[in-house]
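The structure presented is a predicted model; accordingly, all values stated were derived computationally and were not measured.
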Amino acid sequence: MALQRILGIDPGLQKTGFGVIDADGAQLSYVASGTIATAEAARGDLPARLKIIAEGVAEVVARYRPDCAAVEIVFVNVNPQSTLLLGQARGAALATLVTRDLPVSEYTALQMKKAIVGHGHAAKAQIQEMVRRLLALPGLPGPDAADALGLAIAHAHAGASLAALAQATPLQR
């Protein structure tokens, strides 16, 4: 299996996390991570915040040149307005990724947590610690960056499994 650069995106209206890893088979290595913060835009200025997210994702793609992306699927929360706003932040990130011709895979928070920690009810601190260990980082990544790195790691694991399935003959499946 060839080296693959994976971009993980944890969408958020105030902070969108990103994480970039290289996957060479089972070997994972850290490339970069951080957050795209929209605090410079007025709190009620949704179009300005979405523009910051789109431009930030475009900059990350241009700088790190990923081969594919993994984005968190929005969960429906108690407040429908919050869910709608989060969905728009996610849409801005997705639109930017697909206009750069990147293949995008989507994972729920539960799928990412199971892939990283081993169970779907992991706390943010557990995700941060496991991401630190899996990528041999010197310190804990921030919570949004850790989630994004977790999505990239989950995709690296899932992608390897899917590639193995694709290589199998119909009888082996």
Side-chain angles (χ1 to χ4, degrees), residues 4-41 43 49-50 52-54 56-57 59-61 63-64 66 68-94 96-97 104-162:
Q4 186 176 45
R5 180 156 287 180
I6 305 167
L7 167 62
I9 298 284
D10 178 37
L13 195 55
Q14 293 180 26
K15 287 183 185 176
T16 290
F18 71 88
V20 184
I21 64 168
D22 284 337
D24 190 2
Q27 182 67 37
L28 304 177
S29 54
Y30 174 85
V31 175
S33 63
T35 56
I36 300 162
T38 63
E40 69 187 58
R43 191 156 177 84
R49 287 178 179 258
L50 297 177
I52 292 167
I53 292 167
V57 170
E59 183 181 323
V60 169
V61 170
R63 181 175 295 169
Y64 298 107
C68 60
V71 180
E72 186 173 306
I73 295 173
V74 175
F75 63 93
V76 177
N77 71 67
V78 179
N79 182 343
Q81 183 65 19
S82 295
T83 303
L84 182 61
L85 291 170
L86 181 56
Q88 290 182 70
R90 183 175 179 275
L94 279 172
T96 303
L97 294 168
V104 177
S105 297
E106 300 172 87
Y107 300 92
T108 64
L110 181 74
Q111 289 171 317
M112 182 271 288
K113 289 175 181 182
K114 280 185 176 180
I116 303 305
V117 182
H119 63 87
H121 301 291
K124 288 267 188 197
Q126 289 174 300
I127 296 164
Q128 288 173 280
E129 178 58 28
M130 283 306 295
V131 165
R132 185 192 68 75
R133 288 182 188 188
L134 289 168
L135 297 175
L137 301 176
L140 291 179
D144 299 300
D147 284 355
L149 287 165
L151 288 159
I153 294 167
H155 182 68
H157 294 315
S161 299
L162 293 174

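Rounding to the nearest 0.5 Å places CD1 of I21 at 11.0 Å from OG of S33. Expressed to the nearest 0.5 Å, how far CG of L135 lies from CE of M130 amounts to 10.0 Å. In this structure, the separation between CZ on R133 and CG on L140 is 10.0 Å, given to the nearest 0.5 Å. We find the CG-CE distance between L110 and M112 to be 10.0 Å, quoted to the nearest 0.5 Å. Rounding to the nearest 0.5 Å places CD1 of I52 at 12.0 Å from CD of E59.
No side-chain donor-acceptor contact under 3.5 Å links T108 to the backbone of I73. Q126 places a side-chain N or O within donor-acceptor distance of the main-chain N or O of A123, the cut-off being under 3.5 Å.
When side chains are defined from C-beta on, L7 does not count as touching Y64, because their heavy atoms never get closer than 4.5 Å. Contact of the I6 side chain with the P66 side chain is not registered, since no non-hydrogen atoms from C-beta on lie closer than 4.5 Å. Taking the side chain as every heavy atom from C-beta outward, Q88 and L84 approach each other to under 4.5 Å. V60 has its side chain out of reach of I9: every pair of non-hydrogen atoms, C-beta onward, lies at least 4.5 Å apart. L149 has its side chain out of reach of L134: every pair of non-hydrogen atoms, C-beta onward, lies at least 4.5 Å apart. Residues L28 and H157 are in side-chain contact: their nearest non-hydrogen atoms beyond the backbone lie under 4.5 Å apart.
The nearest pair of heavy atoms linking Q128 to P141 is NE2-O, 2.7 Å. Considering every non-hydrogen atom in both A152 and G19, the closest pair reads CB-O, 4.2 Å. Contact between D22 and R5 at its shortest, heavy atoms only, is OD1-NE, 2.7 Å. Closest heavy-atom contact between D144 and T35: CB-CG2, 3.7 Å. Scanning both residues, S105 and H155, for their nearest heavy atoms gives OG-CE1, 3.1 Å. The two residues A89 and I53 have their closest heavy-atom pair at CB-CD1, 3.7 Å.
The salt bridge (charged side-chain N to carboxylate O under 4.0 Å, His left out) pairs that include a residue from residues 109-120 number zero, where partners must be two or more places apart or lie in different chains.
Within a 6.0 Å sphere centred on NE2 of H121, other residues, nucleotides and ligands contribute 12 heavy atoms or fewer.
K124 and D147 are joined by a salt bridge, as a carboxylate oxygen and a charged side-chain nitrogen come within less than 4.0 angstrom of each other.
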